[in-house]
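Right, one structure below, let's go through it.
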Amino acid sequence: MAHPNCERSVLVGKEPTAATQRLLRLMRTGATDRAIARELGVSLRTLHRRIARLQSLLGVQSRFQLGVLAAELEWLRPG
């Protein structure tokens with residue numbers, strides 16, 4: 001059975017980039033947003049925008065859904 005978001009593959013394009021995979025791996029650790037932003041060398045606001053962009057790109061409304069779908073799409077493979 002096809003994944004319900006398979007038509008999004010055209011929209012997703014070049015994702016996951018190395019930066020996206022790093023962000024998702026940091027989110028998976030349960031680190032706070034502040035700690036993730038510090039690790040990535042970005043502001044908290046930039047981090048929130050990057051997460052919101054990924055949620056929009058994948059058509060999900062929560063960070064939990066983002067993580068589940070990223071795992072289903074195999075975006076969390078070891079880098």
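Contact annotation: the side chain of Ile51 never approaches that of Leu54 to less than 4.5 Å [non-hydrogen atoms, C-beta and beyond].
The cluster map of Ile, Leu, Val, Met, Phe, Trp and Tyr, joined by side-chain heavy atoms under 4.5 Å apart, puts Val68 and Leu57 in different clusters.
In this view, Ser62 and Phe64, Gln65 satisfy the side-chain contact (heavy atoms from CB on, under 4.5 Å) rule, not counting sequence neighbours. With sequence neighbours left out, Ala71 forms a side-chain contact (heavy atoms from CB on, under 4.5 Å) with Leu76. Remark: Arg49 pairs with no residue by the salt bridge (charged side-chain N to carboxylate O under 4.0 Å, His left out) rule, at least two apart or across chains.
Note on residues 57-67: pairs passing salt bridge (Lys or Arg N to Asp or Glu O under 4.0 Å), not counting sequence neighbours, are Asp33-Arg63.
Put simply, the side chain of Arg50 gets close to the backbone of Ala19: a donor and an acceptor are under 3.5 Å apart.
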May I have the list of side-chain donor-acceptor pairs in residues 34-41 shorter than 3.5 Å, sequence neighbours left out?
| from | atom 1 | to | atom 2 | distance (Å) |
| --- | --- | --- | --- | --- |
| Glu39 | OE2 | Arg22 | NH2 | 3.2 |

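Here the closest non-hydrogen pair linking Glu15 and Trp75 is CB-CH2, 3.5 Å.
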Can Arg53 and Thr20 be said to form a side chain to side chain contact (heavy atoms under 4.5 Å, CB included), step by step? CA-CA 11 Å; Arg53 183 191 68 81; Thr20 295; 3.9 Å; yes
